[in-house]
Amino acid sequence: MFSKYVWLLPLYASIYLLYSNDYLSDIQFNFVDEWINTIKNVYTNLSRKSSSDSNTDANEKVFTSNELKRYTNLKDGLYISILGQVFDVTKGAKHYGPGATYHAFTGRDASLAFITGEFDNKGLTDDISSLSVQQVKALNEWVQFYNKNYIYKGKLNGRYYNEHGFPTEEFYNVQRILISAKEEQIEEEHKKRMFPPCNVEWKPDSGTVVWCTKRSGGIERDWVGVPRMLFESPNSKEYRCACVKLDSKEYEETKGMLREYSQCPKTSVRCAVKIENL
């Protein structure tokens with residue numbers, strides 16, 4: 001079972017090497033530490049699960065698909081499954097009971113429909129291969145919601161767990177996707193800290209104004225910066241207004257994705273811009 005986690009080692013090793021060699025030591029933000037901790041936590045949790053697989057609680061129920069189909073009424077109970085985890089949602093009968101909006105979720109694993117909202121036979125499936133990274137992250141947040149608000153009853157034998165309740169390869173695929181989602185989130189947070197969003201104001205008489213402060217974009221810092229257009233990539237047409245510290249290493253390394261606003265002094269912290277520039 002431990003071999004299932006080998007894919008995590010290159011991720012951890014590459015980031016650790018960058019960190020230990022002080023490659024990023026000049027950056028004042030803790031996104032590298034956070035990312036390393038994320039990998040550590042996932043690796044540790046999965047490793048613990050591997051070591052405890054042989055000691056799985058014998059009392060934990062593993063449902064078959066036919067068994068789960070029984071729980072679609074108030075007499076037997078209302079059960080749903082999401083990513084292979086089964087929950088008793090009977091107390092939410094106004095939402096999940098016969099005739100209610102989400103009754104179609106009961107008695108099956110309809111993970112895909114939690115995101116798509118399609119309650120037909122095509123949508124009510126546990127196959128989430130069509131979802132994006134961010135959509136899988138949103139689906140996992142639904143799992144957390146049910147863990148917090150409803151009663152966990154066991155696992156469903158199928159796509160995510162086998163007949164013994166052990167994770168399948170599809171389960172591990174979901175975990176890889178969730179790590180990718182966390183990576184994207186950390187990268188975005190890091191980018192916002194390096195280049196915080198500008199303050200933006202539009203008035204009919206004066207047009208659009210962008211400006212920077214030590215708190216613009218909700219990012220606290222000890223510098224102000226100047227407004228610049230920050231593009232997703234050098235060839236991209238998509239951009240946002242960002243506050244840039246001109247004497248920073250980040251500015252020097254990202255010049256290719258930054259552009260000055262026309263008719264705005266190079267070092268001005270406040271610029272009147274044409275409406276089409278935003």
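Sequential numbering from 1 along the given sequence is applied to the chain's residues.
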Just wondering, do [Y] and [X] contact through their side chains at under 4.5 Å, heavy atoms?
X    : Y    : result
R228 : C241 : no
K266 : V226 : no
V89  : Y79  : no
I82  : D126 : no
M229 : L258 : no
N199 : V210 : no
K155 : V86  : no
V200 : V209 : no

Inset, instruction - Kindly write out the residues that satisfy ring pair (Phe, Tyr, Trp, His ring centres under 6.0 Å) with Y160, not counting sequence neighbours, or none if the list is empty. - result: none

Legend entry - Salt bridge flag under 4.0 Å for residues E169 and R176: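 A salt bridge links E169 with R176.
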
Legend entry - Under-2.5 Å SG separation for cysteines C243, C212: yes

Between the side chains of [X] and [Y], is a donor N or O closer than 3.5 angstrom to an acceptor N or O?
X    : Y    : answer
D127 : T125 : no
R221 : S216 : yes
D109 : S111 : yes

Inset, instruction - Apply side-chain contact (heavy atoms from CB on, under 4.5 Å) to the pair K91 and Y150, showing each step before the final yes or no. - result: CA-CA 8 Å; K91 71 176 185 178; Y150 291 97; 3.7 Å; yes

Using atom types as modelled and distance alone, determine if a side-chain donor or acceptor of [X] lies under 3.5 Å from a backbone N or O of [Y].
X    : Y    : result
T208 : W202 : no
S248 : K245 : yes
Q135 : S132 : yes
R259 : K255 : no
R70  : G77  : no
H95  : Y102 : no
S268 : C264 : no

Inset, instruction - Could you please spell out the steps behind the ring-ring contact (aromatic ring centres under 6.0 Å, His included) verdict for Y161 and F166? - result: CA-CA 5 Å; Y161 298 95; F166 297 158; 9.6 Å; no

Inset, instruction - Take F105 and F119 through the test ring-ring contact (aromatic ring centres under 6.0 Å, His included) and record every step on the way to the result. - result: CA-CA 8 Å; F105 285 130; F119 296 163; 5.2 Å; yes

Inset, instruction - Run the numbers on K153 and F63 for side-chain contact (heavy atoms from CB on, under 4.5 Å), then give the verdict. - result: CA-CA 9 Å; K153 300 299 292 187; F63 294 81; 4.2 Å; yes

Legend entry - Y96 with L68, same ILVMFWY side-chain cluster at under 4.5 Å: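 Cluster IDs for Y96 and L68 differ.
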
Inset, instruction - Following the transitive rule for hydrophobic clusters with a side-chain heavy-atom cut-off under 4.5 Å over Ile, Leu, Val, Met, Phe, Trp and Tyr, establish whether V62 and L83 coincide in one cluster. - result: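 In one cluster: no.
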
Legend entry - Working for side-chain contact (heavy atoms from CB on, under 4.5 Å), residues Y71 and T90: CA-CA 9 Å; Y71 299 95; T90 307; over 6 Å; no

Legend entry - Worked verdict on E60 versus Y152 for side chain to side chain donor-acceptor pair (under 3.5 Å): CA-CA 10 Å; E60 183 175 37; Y152 172 76; 2.5 Å; yes

Legend entry - Within 6.0 angstrom of E238 CD, more than 12 heavy atoms from elsewhere: no

Legend entry - Atom CG of N121: over 12 foreign heavy atoms under 6.0 Å: no

Inset, instruction - Start with the C-alpha gap between L112 and L131, add the side-chain angles, then the distance that decides, and say whether side-chain contact (heavy atoms from CB on, under 4.5 Å) holds. - result: CA-CA 8 Å; L112 183 65; L131 297 183; 3.6 Å; yes

Legend entry - By salt bridge (Lys or Arg N to Asp or Glu O under 4.0 Å) - contacts of E141 (at least two apart): K137

Legend entry - Sequence-distant partners of E67, salt bridge (Lys or Arg N to Asp or Glu O under 4.0 Å), two or more places apart: K61

Inset, instruction - Among N147, N149, I151, find the one that has a side chain to side chain contact (heavy atoms under 4.5 Å, CB included) with F87. - result: N147

